[in-house]
Enquirer: 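Input: one structure, supplied below.
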Amino acid sequence: MQQITMGEAVNQALREEMRRDEQVFVAGEGIGVGIHSNPKFPTFGLLEEFGTRRVKDTPVSEAAIAGLAVGASVMGLRPVVEIMFNPFFTIAADQIVNHAAKLRYLSGGKSKFPLVVRMKSGSGIGAGCQHSHNLEAWLAHCPGLKVVMPGTPADAKGLLKSAIRDDNPVIFIEDMILYFVPGPVPEEDYSIPIGVADVKKPGGDVTLVTWSKMLGAAFKAAAKLEQEGISVEIVDLRTLVPLDEETILKSVTKTGRLVVLHEATRTGGFGGEIAAVVAEKAFAQLKAPIKRIAAPDIPVPYSKPLEEFYLPNEKMIIESIRAIMQSKEQ
Amino acid sequence: MQQITMGEAVNQALREEMRRDEQVFVAGEGIGVGIHSNPKFPTFGLLEEFGTRRVKDTPVSEAAIAGLAVGASVMGLRPVVEIMFNPFFTIAADQIVNHAAKLRYLSGGKSKFPLVVRMKSGSGIGAGCQHSHNLEAWLAHCPGLKVVMPGTPADAKGLLKSAIRDDNPVIFIEDMILYFVPGPVPEEDYSIPIGVADVKKPGGDVTLVTWSKMLGAAFKAAAKLEQEGISVEIVDLRTLVPLDEETILKSVTKTGRLVVLHEATRTGGFGGEIAAVVAEKAFAQLKAPIKRIAAPDIPVPYSKPLEEFYLPNEKMIIESIRAIMQSKEQ
Amino acid sequence: MENPNQVVLLETMLLIRRFEEKLEALSKEPGKLHGMMIVCTGQEAVAAGVSAALEPQDVIISNHRSHGHLIAKGAEINLLMAEIYGKRTGYNKGKSGTLHIAVPEVNALCTTTVVGGGIPIAVGTAFAAQYENKDFVTVCYFGNGAADEGSFHEALNLAALWNLPVIFVCENNVYSGAQRQEEHTRVKDLADRAAAYGMASQIVDGNDVQRVYEATAEAREKCLAGDGPILLEFKTYRWGGHSTTDHQVYQPKEEIEQWKQRCPIEKLKKELLGAGVLTEATWQQLNEGVMKQVEQSVQFAEESPWPDVTEALEDIFA
Amino acid sequence: MENPNQVVLLETMLLIRRFEEKLEALSKEPGKLHGMMIVCTGQEAVAAGVSAALEPQDVIISNHRSHGHLIAKGAEINLLMAEIYGKRTGYNKGKSGTLHIAVPEVNALCTTTVVGGGIPIAVGTAFAAQYENKDFVTVCYFGNGAADEGSFHEALNLAALWNLPVIFVCENNVYSGAQRQEEHTRVKDLADRAAAYGMASQIVDGNDVQRVYEATAEAREKCLAGDGPILLEFKTYRWGGHSTTDHQVYQPKEEIEQWKQRCPIEKLKKELLGAGVLTEATWQQLNEGVMKQVEQSVQFAEESPWPDVTEALEDIFA
Ligand SMILES: Cc1ncc(C[n+]2csc(CCOP(=O)(O)OP(=O)(O)O)c2C)c(N)n1
Ligand SMILES: Cc1ncc(C[n+]2csc(CCOP(=O)(O)OP(=O)(O)O)c2C)c(N)n1
Ligand SMILES: [Mg+2]
Ligand SMILES: [Mg+2]
């Protein structure tokens, strides 16, 4: 199997869908001619292959980019637009939240808006809090949007294909650090359904629900804990909306313990949603308090040691899991 | 004690703070001369009392309104700006999220931004989903902002005063239906601290955490349940950030049961945060699953019966509480 | 393009007028309508004139003051009225109500009550025409107030840059909520803003339906020839308040009266009477026919069933 | 206003140049700096000329390409460099880094890397001057790319409407990321956009520090006299890529060379040599002095302590 990074996997998905379907086009800032000419970037080489008709460089105008997607999609095109960094979503937010997400409902189901908004997210790039600010919880709290946030190259490719083929607005959030991390990706055409979580590692003692970049730390922590005799089941959410409650509940029913791990700040993060679902629907199975591991409630700081401090790490996961393994069963 | 509505209470708070402190000014669309000339609207009569220097009507430009607040506040003024309806926050979001909330941190604590953003929210007004969309969970998931959402006229007045006197950006969300519901408000000058929840009704069997308009339904349901011998403790959050975990945990420790009730849609709503805090920190005290009662995951529909269906109601509260009273203790 | 049938133009304006008058009346009857109503009384010539220059495949993007736009584009008033009542038989099954009615049947694809929110969307629909090399234009309606939103700026710049077939129709009715134009911007003519994007523009008397038609027809031809986009500013006036709950304390009575003297319907009626195209009798007929249609739409709406509450959960995802 | 000391202007430009060159060099040494660097090499005359016309109480709002703006306004390069290194001794204790350094000490109050994000904020600081009737102006720096953001539009309209004392400085360096100006808008001169708000504007050679100074000084006087705001477009050029990670595939080598011929520093140097105000020897001295300052700033930054990780939790609320 090919070993490629998430950046390359996204690139493959875009190319293959653009080849398959003439209605698919991409637009955004630096999508065609950008400042980076790096094959690990998702839009590398698209302009060369598909030309200026289908690869649209736009001005720095996030509201217009999002509006372009809304209008083009209602006409039957399949726009895949990029909002460069997650915090710039704020500028496109009216188009995405009040229009992309609501206009189908407002039409009484007559219209559809098959669009994808790709956004880069994540800390660790030394750009500070106006570039790094994980806002997936916002998007997940907006009926009418699907929200996808892959953690591996293979998932990214398969899920982006589904997103492009989906008849609804899909928000597709890519962690920038993962652009450079390789992983196995099938050569053949495949897609992964939106709304299905993936048990990335089975285990019996505790369920660790996570997504996107934190998957890496989850794996490392689980490996260490295994040596202590604690068996961690890693559930990679992959899709936040629609949420795969079934997979989560099944796992917690088995393990009786839940830890939720995400990079976004703690208060109001999507971890609360997972905790609430489990505290309501699998309460009787719970043997220990539900733990959330998340960034502290601060903007992403710039200084290297501070930025590292911001990101939840392996050690915190290990300690949290040890703690709930010790907490008395109720 | 005077009986006034929340609209009138907000109006009193604005007037009194503007009289007290020359640095306070108000700005927004229709803040001075508006289409409504109704004493139950928060900005009624401000222009007459304070003149055009301190009561600034703006163009329909939400980003500029929010930027005005950011810039004026860093100079030491105390802007109280209005974003007419909660969904229009999306247009101001970059200024509020990437600037108001982050610039103090980015300055290393050197600058401060004492501003208030007032927003109307809530369903029930027959305006549909582009006017009614409760997004308090978004704001609560943005470090650097305080988020206040009062449920009674007295709280609104006292909390708005604190918000205006606070040296940080405060988001103050007012339910439009509550503008017209009267309640007792002290005549003398008083303020209510931000970050302190209020036990609006003591009770022993179940903790009902709620805020804003849903307080009314909570009271009604609690009264009915009292007749069945179920004693409900109503915790009115009033402030979402900073969250008064102590009051919540104290109540749940006493009752052993938690129901969270909010008007915003369920998935990703702030109810998840409350559930997660309790499932982590008062797990041992919990006797039953945590229930969330919230709007379904849809935009607010227009049609009267549909809009009524959208809003969580008394009946749902009663049934949820009955259900968790019956659920076996663990 | 051939001149449109003048009597049909008159009838369209009259239908809009009577529809809006009815809504104003209904909004005063307690318990009839849900929420406030926003009507376009006095501005009928813009919608009628613009749509007279359009073909069925042309797309319109509308705003909160949409009823006229929709009726002129061919929406059926029964289904509009039912939507405004919130009934299941309405165009959007009651989910939309008065503020954001979409009528895909006549290519009125997106109506938004977010001021300025439709302008970037029009860029998208126009882009689709260019992308697929199809012969249709997009008309994007918005008010003078909307021209101050950032979305206006981003959208017009992008439309100009890409040469998109879109006609931006700024319906300047003097007010934005309670603000007069001079209170929300220093520029006198919003058409002048087109120059900031290298875009063509034109200022047109928005109460003269024939001029509105001509300007739109010309703009449409340009767009189809690849010489779009264009910004048309139609000067007109909102006879009523912003909405039916408006107390109108800020709107001078004399100003209203002056503009009523320039009623677009009266103007065309007089011309047609003068030209012998219309007689007092045919005018009476026209008016009665329209009134009847409006009454029937109310009856249709009132007799229509409410949506079942569980329908609220439908139509969210395709 | 008296002409500024030309040698001081030259020194300011030189200090900015050497500072940015140093950052470019450091960014190529692995492990030195955190993240990419955005520098203003070639554009020094704008910052130097603007600030020469300002008083300490004047406020500047800056953008991602801020180092020059901050140095010219009086920021100390030791504290800037330390901030860029992410050290505790930096202006913002390492929380900000290169992209959003605030230096309240010199009234550089808000620097933002959100393109266009600072423009509405400048309206607020200028409003404060008007509200309190104080004698200061706000200078708001942004690029040609930023002029396409909706925030530009909303802010300029409001500033013009309220007559605020703010100088909008559009630093047009031809590029917005990898896009040339003609690829992001159809208008040739962004100054023309001021007319859309009834605002004054001027186009100025941004590589001529004296012209930059004069235009700003004049604009400042107008603002203080209550005749603001104004939009100044300074035509200049970005010698390097957008950032130090830019592959610059899109930027023609000949174009860079042409603009290097118009180096703002060389231009002034030649003039001063010609006028006998400067000699080759004093120039050498100047240059060495500046180089030493820059080297010292690096030393200061490198020797400075890292913030303690728990400091990350501070400075969020006042
Ligand atoms: C983004 C946004 N801000 C504010 C409002 C409230 N609002 C509704 S209509 C209106 C005035 C719009 O004026 P204009 O664009 O001239 O249209 P008109 O009402 O005159 O037809 C305002 C401010 C809104 N709906 N959306
Ligand atoms: C809102 C937003 N969109 C996109 C970006 C990414 N970005 C950073 S700088 C830049 C180009 C800005 O060009 P210009 O305003 O001309 O300034 P210059 O870099 O030329 O100094 C872009 C697109 C951003 N930082 N903020
Ligand atoms: Mg108007
Ligand atoms: Mg530039």
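All heavy atoms count here, side chains included; hydrogens, waters and symmetry mates do not. Every chain is numbered from 1 and lettered A, B, ... according to where its sequence line falls, protein lines coming before strand lines.
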Enquirer: Is any side-chain heavy atom of B:Lys157 closer than 4.5 Å to one of B:Glu16?
Expert: yes
Enquirer: Taking the ring centre of each residue, are D:His100 and B:His99 less than 6.0 Å apart?
Expert: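 No.
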Enquirer: Counting only heavy atoms closer than 4.5 Å, note whether B:Asp167 contacts chain D via side chain, backbone, both or neither.
Expert: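 B:Asp167 touches chain D through backbone and side-chain heavy atoms alike.
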Enquirer: Using the side-chain hydrogen bond (donor to acceptor under 3.5 Å, both in side chains) definition, which of the options D:Thr138, D:Asp58, D:Asn107 pairs with D:Thr125?
Expert: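 Option passing the side-chain hydrogen bond (donor to acceptor under 3.5 Å, both in side chains) with D:Thr125: D:Thr138.
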Enquirer: Given a strict heavy-atom distance threshold of 4.5 Å, which part of B:Lys146 is in contact with chain D: side chain, backbone, both, or neither?
Expert: both
Enquirer: What residue, out of B:Pro242, B:Pro169, B:Pro59, B:Gly108, has the most heavy-atom pairs lying under 4.5 Å from chain D?
Expert: B:Gly108
Enquirer: Check whether any side-chain heavy atom of D:Tyr141 lies under 4.5 Å from a side-chain heavy atom of D:Val50, and answer yes or no.
Expert: yes
Enquirer: Below 4.5 Å, heavy-atom pairs only: which of D:Glu132, D:Glu311, D:Glu314, D:His153 has the largest tally toward chain B?
Expert: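 Highest number of heavy-atom pairs under 4.5 Å: D:Glu132.
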Enquirer: Looking at chain B, which one of D:Glu105, D:Lys134, D:Gln130 has the largest number of heavy-atom pairs inside 4.5 Å, strictly under?
Expert: D:Glu105
Enquirer: Parallel, tilted or perpendicular: which one describes the rings of D:Phe19 and D:His67, with boundaries at 30° and 60°?
Expert: perpendicular
Enquirer: Restricting to non-hydrogen atoms, name the atom on D:Val169 and the atom on D:Val46 that form the minimum distance, rounded to 0.1 Å.
Expert: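 Nearest heavy atoms, D:Val169 then D:Val46: CG1-CG1, 4.2 Å.
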Enquirer: Assert yes or no for the condition that the ring centre distance of B:Phe88 to B:His131 is strictly below 6.0 Å.
Expert: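 Between B:Phe88 and B:His131, the centre distance is under 6.0 Å.
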Enquirer: Tell me which of these, D:Ser96, D:Pro307, D:Ala102, has more heavy-atom pairs under 4.5 Å with chain B than the rest.
Expert: D:Ser96
Enquirer: Quick one: what part of D:Ile61 sits under 4.5 Å from any heavy atom of chain B, side chain, backbone, both or neither?
Expert: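 Nothing of D:Ile61, per the 4.5 Å heavy-atom cut-off to chain B.
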Enquirer: Please flag which part of D:Val59 lies under 4.5 Å from any non-hydrogen atom of chain B: side chain, backbone, both or neither.
Expert: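 For D:Val59, the contact with chain B is made by the side chain alone.
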Enquirer: Between B:Leu77 and chain D, with a heavy-atom cut-off of 4.5 Å, which part of the residue counts as in contact: side chain, backbone, both or neither?
Expert: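 Just its side chain gets close to chain D.
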Enquirer: Measure B:Gln23 against the heavy atoms of chain D and call it side chain, backbone, both or neither at under 4.5 Å.
Expert: both
Enquirer: Taking B:Leu106, B:Ile91, B:Leu68 one by one, which has the highest count of heavy-atom pairs under 4.5 Å against chain D?
Expert: B:Leu106
